[in-house]
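Indexing begins at 1, ligand by ligand and atom by atom, following the structure's order.
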Amino acid sequence: MAKLNFGGVEENVVTREEFPLSKAQEVLSKETVAVIGYGVQGPGQALNQKDNGINVIVGQRKNSKSWDKAVRDGFVPGETLFDIEEALEKGTIICYLLSDAAQIELWPTVKKHLTAGKALYFSHGFGITFNEQTGIVPPADVDVFLVAPKGSGTSLRRMFLEGRGLNSSFAIFQDATGKAWERVIALGIAVGSGYLFETDFKKEVFSDLTGERGTLMGCIQGIFAAQYEVLRSKGHTPSEAFNETVEELTQSLMPLVAENGMDWMYANCSTTAQRGALDWWKKFRDATKPVFEELYESVATGKESQRSIDLNSQPDYREKLDAELKELRDSEIWQAGKTVRGLRPENQTVEA
Ligand SMILES: NC(=O)c1ccc[n+]([C@@H]2O[C@H](COP(=O)([O-])OP(=O)(O)OC[C@H]3O[C@@H](n4cnc5c(N)ncnc54)[C@H](O)[C@@H]3O)[C@@H](O)[C@H]2O)c1
Ligand SMILES: CC(C)(O)[C@@H](O)C(=O)O
Ligand SMILES: [Mg+2]
Ligand SMILES: [Mg+2]
């Protein structure tokens, strides 16, 4: 592993130079990688592995939309696409990419097919860390590890097609064969990771649940809503409020942060903006830090995982979820956003 300096802290990471695709192909040459589940991560990981020359098959419920999508994506029924049980039987590495809640339901079936020497692969530490809630306890004679791409499966695939890579963490929970390290790293490279950083199952799930409830999704939606509502209540138009809250951030400023960091983005704004943003960021940090502490605690005590399991197991959960998402979609801010996106020059049809 390469030892690199991350802001003064040394970390061991795996880069693509150090562990090239050719090495991953060699390590996985005798394996059948069975990707179980074809939702969001399933397609990204299965297609990237397929394009990277790995022997990958997909296991998915027949007569489902995801089965049809797998067929459209080039997986062939009876050759590289099977129902879940058949894929579990054929796979030497089982990539368990059902939703975290569905993993609980299917676990007895998966366990049955985990014969000695196989590997069980996750993209989340959820099932293993919260095993008192999930009942997922693998047999001792299989490897158990994870590669957790730090982003959506949609981005994993898009970035792969653009010749880029999405960073992933990796962790080994159980090394029964003595080959867990090379197997997990090979898979991490094959699914299209940028670089791989080491974690453990508990840290992965604690950070991931915090991140998605926090700055990546929950918190960002919360602060968007707060600023938008204040601007609207003070008489600003939806167009002004949306541009000043979301559009400028995603289209202009975050790409600058992605390219060269926050200080560089600051340096490319006016001295007036810099002064104000330097004055105000610590107030926002101090206002939100207690909420992040509360959130982390809720994750670490198992409250968040239990809530997710309980709600997902309700028979009408899908409809309730759709209603909540519709409320978000129908809110003024995101309806205004729809109009704004439609006005981006690249989204407008050219008139004759
Ligand atoms: N969504 C992401 O981009 C993302 C990112 C990083 C990690 N992960 C992790 O990857 C794993 C897969 O997540 P996902 O978002 O791709 O899952 P998902 O919610 O998209 O579901 C995946 C598949 O599960 C199948 N499924 C659902 N219920 C089922 C059941 N009862 N029986 C059989 N099949 C069932 C669906 O048909 C679908 O093909 C999870 O552990 C998740 O935490 C996801
Ligand atoms: C894409 C995310 C938010 O990073 C992932 O953690 C998920 O659960 O979908
Ligand atoms: Mg997550
Ligand atoms: Mg995540």
Side-chain angles (χ1 to χ4, degrees), residues 34-48 58-73 75 81-88 94-110 120-131 133-134 136 144-160 166-171 173 187-188 191-194 196-197 199 201 203-221 299 304-305 308-309 311-315 317-318 321-322 325:
V35 170
I36 307 299
Y38 207 74
V40 183
Q41 274 299 312
Q45 296 198 22
L47 288 169
N48 289 359
V58 170
Q60 172 60 34
R61 283 182 296 195
K62 276 187 181 152
N63 303 319
S64 62
K65 278 188 191 155
S66 299
W67 173 279
D68 297 342
K69 177 172 161 49
V71 172
R72 282 198 305 278
D73 286 352
F75 290 98
L81 175 61
F82 301 92
D83 72 23
I84 292 181
E85 230 179 311
E86 214 175 336
L88 284 168
I94 307 300
C95 295
Y96 205 14
L97 297 183
L98 296 185
S99 66
D100 297 301
Q103 287 178 19
I104 300 171
E105 197 184 313
L106 212 83
W107 175 243
T109 310
V110 173
L120 177 63
Y121 164 110
F122 293 89
S123 283
H124 203 5
F126 194 106
I128 295 284
T129 304
F130 298 114
N131 64 11
Q133 295 166 358
T134 64
I136 297 180
V144 181
F145 41 62
L146 67 76
V147 171
K150 294 292 110 185
S152 166
T154 304
S155 321
L156 184 74
R157 181 62 181 161
R158 284 187 187 171
M159 289 167 83
F160 176 85
L166 184 67
N167 301 329
S168 301
S169 60
F170 75 94
F173 178 71
L187 287 158
V191 300
S193 302
L196 290 149
F197 58 95
T199 187
F201 273 61
K203 285 208 170 68
E204 194 287 329
V205 71
F206 283 15
S207 58
D208 191 83
L209 295 183
T210 301
E212 66 204 18
R213 282 155 181 71
T215 59
L216 303 177
M217 295 169 69
C219 171
I220 197 89
Q221 165 58 21
V299 168
E304 292 301 307
S305 48
S308 175
I309 293 168
L311 292 188
N312 266 288
S313 62
Q314 291 176 359
Y317 183 59
R318 181 48 61 188
L321 180 70
D322 286 347
L325 291 173

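Because the distance cut-off is set at 2.8 Å, Asp208 qualifies as a neighbour of the Mg ion (ligand 4) through one of its N, O or S atoms.
When all heavy atoms of Pro149 and Val147 are compared, the closest pair comes out as CD-O, 3.3 Å.
Sorted by chain and number, the residues within 4.0 Å of ligand 1 by heavy atom are Gly37, Tyr38, Gly39, Val40, Gln41, Gln60, Arg61, Ser66, Ile84, Leu97, Leu98, Ser99, Asp100, Ala102, Gln103, Glu105, Ser123, His124, Pro149, Gly151, Ser152, Gly153.
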Write 'none' if nothing qualifies; otherwise put on separate lines each N/O atom of ligand 2 with a protein N/O atom under 3.5 Å away and their distance to 0.1 Å.
unit_1, atom_1, unit_2, atom_2, d
ligand 2, 6 (O), Asp208, OD1, 3.0
ligand 2, 6 (O), Asp208, OD2, 2.9
ligand 2, 6 (O), Glu212, OE1, 2.8
ligand 2, 8 (O), Glu212, OE1, 3.0

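Residues meeting the salt bridge (charged side-chain N to carboxylate O under 4.0 Å, His left out) test with Asp73, sequence neighbours left out: Lys69.
Below 30°, between 30° and 60°, or above 60°: for Tyr38 and Phe75 the angle between ring planes is above 60°, a perpendicular geometry. Ring orientation note: the planes of Phe126 and Phe130 are nearly perpendicular, at an angle over 60° on the 30°/60° scale.
Heavy atoms of other residues, nucleotides or ligands lying less than 6.0 angstrom from CZ of Arg213 number more than 12.
Sorted pairs that involve residues 95-110 and meet side chain to side chain donor-acceptor pair (under 3.5 Å), not counting sequence neighbours, are lacking altogether.
A distance-only check finds no donor-acceptor pair linking the side chain of Ser66 to the backbone of Gly39 [under 3.5 Å]. Of the possible polar contacts, one joining the Thr210 side chain to the Phe206 backbone as a donor-acceptor pair under 3.5 Å is found.
In summary, the side chains of Glu204 and Ser169 do not present any donor paired with an acceptor at a separation below 3.5 Å, with no hydrogens or angles considered.
With contacts defined as side-chain heavy-atom distances shorter than 4.5 Å, the pair Phe122/Phe173 does not qualify.
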